[in-house]
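See below for the structure under consideration.
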Amino acid sequence: MAALNDLLPKAAVRLDVRVADWQEAIRAAGGLLVETGATTDGYTAEMIRNVEENGPYLVIAPGFALAHARPSPAVLRTGMSWVRLEQPVEFGHDSNDPVHLVVGLAAEDSGAHTAAMAALAQLLADPATGQALQEATDAEALLAVLAGPDGERDDRVQEEAVREQAVRERAGDERRAGNGQPVSAKAVHKILTVCGNGVGTSLFLKNTLEQVLDRWGWSRHVTVEATDTISAKGKASEAVAVLTSREIARTLGEIGVPVKVVEDFTSGPEVDRILRDTYDV
């Protein structure tokens, strides 16, 4: 899995960029993806169209938008860009506007950037790190904050992500009877985290939810799957609940299982509260 420092080169970082509106903010992030060889210009148009069609669901935390679209021929390789705005702009989100940070994400598929998303989610959930990122004076300083002391942070987070995935896979193996046959599906619950494309914001929310489940000691009993709106409708019957944004919840409509709205995808306390409500604990 690619780590954050593998996907975000210095040339893809711009600080204190002046834009007039959210479209220009996304164009700035998309332009950096083009300049660093991750995408063609067509992907920038796809990111803008994603917001026009699905709403501002990609504003996943106060002041932070994860601009992205589906994997497409316009994506040349998986990559990221980072645009800190001089003045924040409105995306139209009910609770997380205005936006001062736009991270662009181009993904070839839904898997290669999982560790990078986990690392970024943990970094942005930490107030001290968020403040340091806001105060970074240049690209080098910002990347140093992301990497942590002596460049250790990103490697450590990636190692944790790989280790946690291995633990979950072992737990899955343990959920088999002695004869190798799967234990009844009722012994394991599934929760879906859903976004428009299944490759960006849903992975952020999946990471936060899995951290809460780990703290509860429930990881072997509840699995989490990140997916897109179309797939979620078909998979809803397998799940006990769906966690998503307000905009995507409207798109999903009635799907036969509880749909829980999360305002801040990086907030462990908010997800903890929603999980307690889901299981009435």
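Just so you know, residue 1 is the first one in the sequence shown, and it goes up from there.
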Do the non-hydrogen side-chain atoms of V271 and F265 ever get within less than 4.5 Å of each other?
no
Here's a test for you: under side-chain contact (heavy atoms from CB on, under 4.5 Å), which of L243, V261, V212 qualifies with I274?
L243
Please confirm whether the backbone N or O of G30 pairs with a side-chain atom of Y43, one donor and one acceptor, at under 3.5 Å?
no
For S81 and L33, indicate whether the former's side chain and the latter's backbone hold a donor-acceptor pair under 3.5 Å.
no
In plain terms, say whether D277 and R273 are close enough for a salt bridge, that is, a side-chain N and a carboxylate O under 4.0 Å apart.
no
Does the pair Y279 and H189 meet the rule for a side chain to side chain donor-acceptor pair (under 3.5 Å), with working shown?
CA-CA 11 Å; Y279 284 99; H189 287 177; 2.9 Å; yes
side-chain contact (heavy atoms from CB on, under 4.5 Å) partner of V13, chosen from L146, L142, L32:
L142
Are any non-hydrogen side-chain atoms of S202 and L205 less than 4.5 angstrom apart?
no
Please check if any side-chain donor atom of D41 sits under 3.5 Å from a side-chain acceptor atom of T44, or the reverse.
no
Please tell me whether S72 and E46 have a donor and an acceptor in their side chains that are separated by less than 3.5 angstrom.
yes
Is any side-chain heavy atom of E225 closer than 4.5 Å to a side-chain heavy atom of K206?
no
Validation row: Q134, R84 side chains within 4.5 angstrom (heavy atoms)
yes
Verify the distance criterion only: is there a donor paired with an acceptor across the side chains of D264 and S267 at less than 3.5 Å?
no
